[in-house]
Amino acid sequence: MTDTPSSSPTEHPHRYTAALAGLIEREWQERWETFGTFRVPNPGEQGFDGTRPKKYILDMFPYPSGVGLHVGHPLGYIATDICARYLRMTGHNVLHAMGFDAFGLPAEQYAVQTNQHPRTTTYNNIATMKSQLRRLGLGHDPRRGVATTDPAFYKWTQWIFLQIYNSWYDASVGKARPISELRAALQTGSIGTRSGRAWDELTDAERREEVDSRRLAYLAEVPVNWCPMLGTVLANEEVTAEGRSERGNFPVYKRPLKQWMMRITAYSDRLAADLSTLDWPEPIKLLQRNWIGRSEGADVEFSVHPPPGTRSGALTITVFTTRPDTLFGATYMVLSPEHPLVDSLIGSEPPAGFRAGVFPGYQDRMTPAEAVATYRAYAKSRTDDQRREAKDKTGCFTGSYAVNPVNGHRIPVFIADYVLMGYGTGAIMAVPGHDDRDHEFAAAFDLPVEKVVQPSGGEAPDGCFAEEGIACNSPPVGESPYTINGLATPEAKRHIIAALESAGAGRARTTYKLRDWLFSRQRYWGEPFPIVFDEAGVAHDLPESMLPVLLPELKDFRPESSEDPAAPVRTPLARASDWVNIELDLGDGPRRFTRETNTMPNWAGSCWYYLRYLDPENDSALCGTDAERYWMAGRAPGATTGDGRGVDLYVGGVEHAVLHLLYARFWHKVLYDLGHVSTIEPFQRLFNQGYIQGYAFTDARGAYVEASEVLLPDGTRAVENQDHPGPYSYNGRPVTREYGKMGKSLKNAVSPDEIASSYGCDTLRLYEMSMGPLEASKPWNTRDITGSFRFLQRVWRNLIDEQTGASRVSDIASSRETSRVLHKTILGVRRDMESLGYNTVVSKLIEFNNHLGSLPSVPLEAARALILMLAPLAPHISEELFRRVIGGSSSSLAFEPYPIGDPALAADDEIEIPVSIAGRPKHRIRVSPGLDAAALEAAAMADPKVRELIEGKTLKKVIVVPGKMVNLVLA
RNA sequence: GCCGAAGUGGCGGAAUGGCAGACGCGCCGGAUUCAAAAUCCGGUUCCCCCUAAAGGAGUGAGGGUUCAAGUCCCUCCUUCGGCACCA
């Protein structure tokens with residue numbers, strides 16, 4: 001590690017060195033802990049001051065990894081800590097805490113690797129991480145630091161699951177309601193049964209089916225993403241675009257399995273619509289909107305043309321389209337190969353002038369039945385990867401024709417795998433003139449193309465025109481209710497939909513890409529479900545009194561990992577037979593049950609942890625009403641309204657844009673509907689911090705080598721001089737440099753402990769904030785840290801005598817100049833603090849401190865302001881300076897009022913105004929700051945140099961911006 | 001392919017449409033010192049130039065709007081991130 005610049009202790013015994021910084025930091029961390037400085041009382045608790053407004057400042061829930069932190073991890077934590085400290089000093093009650101998201105795959109994998117129980121490794125990791133975080137001086141409320149693996153925590157995760165399980169989405173009012181109300185409504189008939197039969201006529205099993213099929217948490221046999229290497233299923237959101245697992249990058253296969261699902265799709269509309277109320281970065285909102293994938297269109301019914309000599313005429317195929325205005329151009333139809341109607345569609349009609357099959361293995365002699373069977377087998381054999389790579393259109397004719405409802409044309413029906421069963425209705429009307437995919441398919445099959453839309457103000461182009469335009473080529477007015485010639489696309493859509501509705505052939509519909517959330521995992525280290533199955537295999541929810549359902553002890557907790565995608569699925573918990581098989585009395589006497597042996601996914605705990613921070617010790621509710629109303633809704637006890645902002649600032653990485661943030665919003669909305677929380681959204685303001693990146697090095701085989709051991713030609717370490725272009729070597733062998741996100745996998749991690757030991761954590765905090773804007777990704781450069789360290793040294797030296805350790809500050813009045821610099825600094829720093837512009841806060845403080853360094857003696861007023869402004873960023877040195885220089889009785893400056901700037905005192909006596917000729921600055925004049933436009937122009941024209949510049953030329957125009965500039969435009 | 005973000009000195013970066021390069025790193029020079037470290041002071045976009053003054057060019061490329069563009073608009077290039085036959 002770098003040697004810290006230091007002086008001999010005898011020369012400067014009280015210089016701010018790494019050793020002194022370490023002493024100060026340890027001492028103040030202990031004091032904060034002893035005094036409970038960052039413990040914040042809840043409403044009703046001793047010390048609570050309801051007159052102060054609240055702020056809830058939150059970091060994304062950290063995962064306690066086994067390998068410790070690198071300097072990239074605390075970037076956001078430092079930022080929220082600075083924010084929280086600033087808000088405390090500006091008169092807010094601040095909730096700022098950090099717990100641990102400790103269930104889940106990585107913890108379990110780490111336990112497997114090190115051959116320990118996940119509980120052991122998890123709690124060890126939490127302890128390690130807590131001490132690393134403590135060393136950074138983060139002002140968290142310690143009693144709120146919950147872990148999802150604590151039974152006292154996951155009791156409430158299970159409780160929330162039961163709330164979701166025991167509710168249904170009432171679309172007529174657009175919210176979740178208790179399942180008991182559904183049962184009552186079905187009974188009275190105010191809600192019809194799915195089967196259309198009366199409730200009284202149904203058997204118990206049928207009634208249960210009616211209810212269960214509407215629950216927000218339900219069991220379903222669905223095609224899931226099965227990852228045999230992880231031995232578990234994954235949610236859609238956990239599978240990458242390449243069809244591999246986000247964790248571990250293992251192959252993922254589709255496979256049908258009975259699993260717990262969450263009906264997040266019921267909330268699609270609200271999840272999309274409420275984004276507009278949030279103060280989030282637009283790209284993140286867009287990411288969520290795209291994931292939800294709302295699209296408006298219509299369902300259109302096509303009746304199947306009965307083949308001559310048959311009597312089956314009642315078959316209709318429903319398609320979804322976003323372009324009902326192109327219905328006149330629908331020249332064929334396509335169903336997904338998995339569509340349930342395919343079997344009944346197989347006919348014997350000959351293809352009328354088009355090719356009946358295009359796919360490997362197709363032969364002209366095949367009957368439609370043979371072709372369909374062969375094609376389905378072919379489509380099934382193709383993996384998602386193969387489908388993505390080969391985009392050539394394949395498919396085959398079913399031997400049937402359908403009728404286009406708007407013009408009665410007879411159009412052939414195909415199956416093709418470019419139509420997905422999982423979206424819309426799994427069937428489309430194909431408009432090759434106005435859809436690129438349909439166009440490609442039509443080209444491959446020699447199908448007719450008809451143009452029914454033209455660009456507004458232009459000829460219809462050759463090929464395919466997929467954009468909006470003007471409808472054309474529909475029948476003349478009066479001949480058809482569907483006539484839309486001349487209408488622009490939006491009007492044409494409306495007209496067609498209305499006509500379809502009155503003809504009973506279709507209706508407006510909105511669909512979503514979002515799928516229901518797969519909520520089961522076949523792992524050990526997760527929350528058990530509060531569900532048991534009776535001997536008939538019927539699921540029963542456990543009463544609240546039986547919570548928590550504790551995770552059983554297991555010697556062998558490993559999942560059954562396999563490379564075979566067809567290997568049987570067995571959960572680790574199924575091996576705990578004493579736990580699985582139980583006798584319970586659920587109200588009708590003791591009966592035998594077996595427990596659900598899946599566990600919940602990692603996301604469960606992180607979906608609601610921010611609510612537990614509010615009231616971590618509550619044993620009778622997930623959090624108390626008063627605490628929830630105060631910290632989330634901003635309602636002080638007794639008040640009837642609040643700001644309803646929820647979490648005021650939520651800082652975390654962009655990688656959670658769709659996963660965590662979508663799931664948590666969903667749970668929060670369910671809890672809101674059921675009356676358990678009082679805000680519609682959990683996180684009002686979201687901020688995505690950037691990544692810290694670094695150079696990484698690969699050897700000849702392309703393997704990463706330890707970046708800290710790579711040398712430059714002169715034998716120095718490459719990390720000490722990142723500007724050096726190389727060549728680089730590792731153990732005497734040449735290596736190549738790359739640039740990427742800091743982390744274990746690139747072997748370029750820098751530990752915060754290492755930096756804190758060499759410079760102190762105040763320097764580390766300051767450096768991380770100086771690197772650039774919080775939201776930007778930026779390269780770590782160890783060499784630059786010294787700048788932040790030297791700044792703190794200069795602050796210390798300006799205020800403390802390095803020989804004696806005594807204060808050098810004198811109780812004298814500030815000069816006019818110092819006062820002006822001081823107030824300018826305060827005003828600027830406050831503005832930047834509000835916008836999280838901590839990089840420019842640091843530079844303003846450096847400038848201010850440099851000014852103080854030029855003075856013979858630092859006035860007390862300036863010293864005090866400097867210390868308090870520095871305190872959120874570098875809290876330890878600031879506490880120590882405050883104690884030594886300002887003194888006073890308080891145990892910490894954490895609640896000292898933040899300096900307030902006075903614009904009058906910040907005003908300059910005289911300012912310099914640039915005078916430009918044709919926009920190019922040529923000269924500067926000194927004027928008093930208050931001059932209006934006319935006076936400023938007069939001052940410029942009176943200046944001898946300006947007169948010289950424009951001499952002999954004609955002035956065409958003069959632009960004057962008071963306080964800014966004068967621009968002279970010459971003819 | 002579609003969507004999003006970003007391109008500014010040797011490096012990290014700063015700049016409500018109004019003096020481009022604040023602040024820091026590095027580098028150069030000076031003071032201090034027996035010497036060094038540390039510290040302090042000064043300089044540091046590029047070109048022209050012994051130097052300075054004075055010029056000129058300059059924010060990925062090319063156009064445009066404007067008295068004035070790093071900033072707004074259009075086209076393109078590069079890098080990074082997301083999605084991927086979503087009807």
Nearest-angstrom distance from the residue atom [atom1] of [X] to [atom2] of [N]:
{"X": "A:L661", "N": "B:G82", "atom1": "CG", "atom2": "P", "result": "16 Å"}
{"X": "A:R294", "N": "B:C3", "atom1": "CZ", "atom2": "P", "result": "21 Å"}
{"X": "A:Y739", "N": "B:U79", "atom1": "OH", "atom2": "C1'", "result": "11 Å"}
{"X": "A:K513", "N": "B:C85", "atom1": "NZ", "atom2": "P", "result": "9 Å"}
{"X": "A:E338", "N": "B:C85", "atom1": "CD", "atom2": "P", "result": "13 Å"}
{"X": "A:L766", "N": "B:G24", "atom1": "CG", "atom2": "P", "result": "12 Å"}
{"X": "A:L287", "N": "B:C2", "atom1": "CG", "atom2": "P", "result": "18 Å"}
{"X": "A:D436", "N": "B:G1", "atom1": "CG", "atom2": "C1'", "result": "10 Å"}

Say we look at [N] and [M]: how far apart would their [atom1] atoms be, to the nearest angstrom?
{"N": "B:G63", "M": "B:G70", "atom1": "P", "value": "15 Å"}
{"N": "B:G17", "M": "B:A68", "atom1": "C1'", "value": "8 Å"}
{"N": "B:C48", "M": "B:G24", "atom1": "P", "value": "30 Å"}
{"N": "B:G43", "M": "B:C76", "atom1": "P", "value": "46 Å"}
{"N": "B:U45", "M": "B:A31", "atom1": "P", "value": "23 Å"}
{"N": "B:C72", "M": "B:U16", "atom1": "C1'", "value": "14 Å"}

Protein-nucleotides 5-8 of chain B N/O pairs closer than 3.5 Å?
none

[X] vs [Y] side-chain heavy atoms within contact, under 4.5 Å:
{"X": "A:L662", "Y": "A:L514", "result": "yes"}
{"X": "A:K380", "Y": "A:P337", "result": "no"}
{"X": "A:L271", "Y": "A:Q288", "result": "no"}
{"X": "A:E802", "Y": "A:R797", "result": "yes"}
{"X": "A:S295", "Y": "A:T511", "result": "yes"}
{"X": "A:F848", "Y": "A:I826", "result": "no"}
{"X": "A:L968", "Y": "A:K922", "result": "no"}
{"X": "A:L686", "Y": "A:L278", "result": "no"}

**Item:** Secondary-structure notation, RNA chain B, from Watson-Crick and G-U pairs under 3.5 angstrom (| other strand)
**Value:** (((((((..(((.....[....)))((((((.......))))))(((.......)))..(((((..]....))))))))))))....
Using a 4.0 Å heavy-atom cut-off, does [X] contact any base of the nucleic acid, only the sugar-phosphate backbone, or nothing at all?
{"X": "A:L286", "result": "sugar-phosphate"}
{"X": "A:S295", "result": "sugar-phosphate"}
{"X": "A:V319", "result": "nothing"}

**Item:** Out of B:C85, B:A87, B:C25, whichever nucleotide has its closest atom nearest the side chain of A:R783
**Value:**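 Selected nucleotide: B:C25.
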**Prompt:** Of the candidate nucleotides B:G24, B:C25, B:A87, which contains the atom at the shortest distance from the side chain of A:T321?
**Reply:** B:A87
**Asked** Side chain of A:H851, backbone of A:V821: donor and acceptor closer than 3.5 Å?
**Response** no
**Asked** Would you find a donor on one side and an acceptor on the other, under 3.5 Å apart, between the side chain of A:N798 and the backbone of A:N849?
**Response** yes
**Asked** Hey, which of these two, A:G426 or A:L968, hits RNA chain B nearer its 5' end, going by closest nucleotide?
**Response**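 It is A:L968 whose nearest nucleotide is closer to the 5' end.
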**Message:** If you assign A:I428 and A:K945 each to the RNA chain B nucleotide with the nearest heavy atom, which residue ends up on the more 5' nucleotide?
**Reply:**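 Nearest-nucleotide comparison on RNA chain B picks A:K945.
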**Message:** Can you build the contact string for nucleotides 40-48 of chain B? Use B for base contact, S for sugar-phosphate-only contact, and - for no protein heavy atom under 4.0 Å.
**Reply:** S--------
**Message:** Each nucleotide in nucleotides 12-19 of chain B should get exactly one letter: B, S or -. Can you fill that in based on protein heavy atoms under 4.0 Å?
**Reply:** SSS-B-BB
**Item:** Trace of the salt bridge (charged side-chain N to carboxylate O under 4.0 Å, His left out) decision for A:E301 with A:R507
**Value:** CA-CA 9 Å; A:E301 281 170 15; A:R507 66 212 68 82; 2.7 Å; yes
**Request:** Under the side-chain contact (heavy atoms from CB on, under 4.5 Å) rule, collect the residues that match up with A:E775, sequence neighbours excluded.
**Result:** A:F687, A:P773
**Request:** Run the ring-centre check on A:F441 versus A:Y332 and record whether the distance is less than 6.0 Å.
**Result:** yes
**Item:** N-glycosidic conformation, B:G9 - syn within 90 degrees of 0, else anti
**Value:**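 Chi for B:G9 falls in the syn range.
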Can you tabulate the close N/O pairs, meaning under 3.5 Å, that link protein atoms to atoms of nucleotides 34-36 of chain B?
none

**Request:** Test A:Y663 against A:E237 for side chain to side chain donor-acceptor pair (under 3.5 Å), laying out the working first.
**Result:** CA-CA 10 Å; A:Y663 296 150; A:E237 291 78 5; 2.6 Å; yes
**Message:** With a 3.5 Å cut-off and heavy atoms only, can you find an N or O donor on one side and an acceptor on the other between the side chain of A:K393 and the base of B:C85?
**Reply:** yes
**Message:** What's the separation between atom CG in A:N290 and atom NZ in A:K285, rounded to the nearest 0.5 Å?
**Reply:** 14.0 Å
**Message:** Does the structure place the NZ or CZ of A:K393 under 6.0 Å from the centre of the six-membered ring of A:F445, at an angle of no more than 45° from the ring's axis?
**Reply:**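 Output no; distance or angle outside limits.
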**Request:** Determine, for A:E847 against A:K844, whether the closest basic-nitrogen to carboxylate-oxygen distance falls under 4.0 angstrom.
**Result:** no
